[in-house]
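Encoded as structure tokens, the structure appears first; notes follow it.
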Amino acid sequence: MSDINQFIIFKLATEEFGVEITKVQEIIKPQAVTKLPQTANFIEGIINLRGDIITIIDLRKRLDFELNTDSEDRILVVKINGVDVGFIVDDASEVIRIDSEKISKSSGGIAGIKNEYIDGIGKLEDRLIILLNLDKLLSTEEKVTLEEIAESHQ
């Protein structure tokens with residue numbers, strides 16, 4: 001019996017990515033972001049979402065993608081190490097199921113993305129979906145920075 005995995009699909013430029021649906025708390029429209037001084041260039045700042053402070057990271061900058069000006073930006077709100085983080089992506093609108101037999105492990109970096117960030121490649125009829133491991137997108141040092149940001153804005 002094969003496992004079916006559900007993924008939220010989002011775009012960065014022309015590439016399609018997926019993250020496990022269980023990792024995503026919600027998808028929201030972009031909001032005004034409060035900038036933070038002396039943070040990494042991909043950390044956009046923080047937002048207040050119903051009383052919770054969420055650190056916003058531009059996934060395009062994190063993965064060195066071109067900024068797409070005609071996209072329907074969305075923010076994927078996820079929890080990393082117990083901290084709420086919002087990833088800005090070009091578009092996130094689709095939930096798909098991928099049979100685990102159709103997911104292959106990646107052997108090298110894809111689309112210029114480090115292999116450690118990638119859980120695998122999902123193959124659907126005429127599409128390839130790069131399955132990201134959100135927990136590995138940030139270094140230990142960057143996760144500590146997120147925790148410090150969250151603690152200092154509670």
Starting at CG of Leu49, measure out to CD1 of Ile28 and round the result to the nearest 0.5 Å. 5.0 Å
With side-chain contact (heavy atoms from CB on, under 4.5 Å) as the test, would you mind laying out the steps for Ile130 and Ile121 before giving the verdict? CA-CA 5 Å; Ile130 301 168; Ile121 305 295; 4.2 Å; yes
Do the side chains of Arg62 and Leu138 get nearer than 4.5 Å, heavy atoms only? yes
Please say whether more than 12 non-hydrogen atoms of neighbouring residues, nucleotides or ligands are located less than 6.0 Å from NZ in Lys102. no
Look at Lys23 together with Asp135 and state whether they make a salt bridge at an N to O cut-off of under 4.0 Å. yes
What distance separates Asp64 CG from Phe42 CZ, expressed to the nearest 0.5 Å? 10.5 Å
Donor-acceptor under 3.5 Å (Asp90 side chain, Ala13 main chain): yes
Spacing of Leu76 atom CG and Glu26 atom CD [to the nearest 0.5 Å]: 10.5 Å
Just do the side-chain contact (heavy atoms from CB on, under 4.5 Å) check on Val78 and Val19 with the steps written out, would you? CA-CA 10 Å; Val78 302; Val19 290; 5.8 Å; no
Working to the nearest 0.5 angstrom, can you tell me the gap between Ile56 CD1 and Ile88 CD1? 6.0 Å
Side-chain touch Thr34/Asn48, heavy atoms, less than 4.5 angstrom: no
Decide yes or no for Ile54 and Ile75: does some side-chain heavy atom of the first lie under 4.5 Å from some side-chain heavy atom of the second? no
In chain order, what residues pass the side chain to side chain contact (heavy atoms under 4.5 Å, CB included) check against Ile21, with sequence neighbours excluded? Gln6, Ile8, Val95
Heavy-atom side-chain contact between Ile57 and Leu137 under 4.5 Å: no
So do the side chains of Thr145 and Thr55 get within less than 4.5 Å of each other, counting heavy atoms only? no
Please name all residues satisfying side chain to side chain contact (heavy atoms under 4.5 Å, CB included) with Asn5, sequence neighbours left out, ordered by chain then number. Phe7, Ser100, Ile103
What one should report as the nearest heavy-atom pair of Asp58 and Glu44 is CB-OE2, 3.7 Å
Only counting residues at least two apart or in another chain, list the ones meeting side chain to side chain donor-acceptor pair (under 3.5 Å) with Ser104. Lys123
According to a 4.5 Å side-chain heavy-atom criterion applied to Ile, Leu, Val, Met, Phe, Trp and Tyr, with indirect links allowed, do Phe87 and Ile27 form part of one hydrophobic cluster? yes
Hydrophobic cluster membership, Ile149 vs Val33, 4.5 Å side-chain cutoff: no
Would you call the rings of Phe10 and Phe17 parallel, tilted or perpendicular, taking 30° and 60° as the class edges? parallel
Sub-3.5 Å donor-acceptor pair from the side chain of Asn81 to the main-chain atoms of Val83, do we have one? no
For residues Leu132 and Leu59, determine if any side-chain heavy atom of one lies less than 4.5 Å from a side-chain heavy atom of the other. yes
Count the heavy atoms of every other residue, nucleotide or ligand shown that sit under 6.0 Å from CD of Glu141, and state whether that count exceeds 12. no
Hphob cluster co-occupancy, Val85 + Val144, side-chain heavy atoms under 4.5 angstrom: no
Salt bridge check: are Glu72 and Arg74 linked by an N-O gap of less than 4.0 Å? yes
Any chance you could measure Ile9, atom CD1, to Leu131, atom CG, to the nearest 0.5 Å? 7.0 Å
What is the distance from atom CG of Leu36 to atom CD1 of Ile43, rounded to the nearest 0.5 Å? 7.5 Å
Would you mind reporting whether Leu63 and Tyr117 have side-chain heavy atoms less than 4.5 Å apart? yes
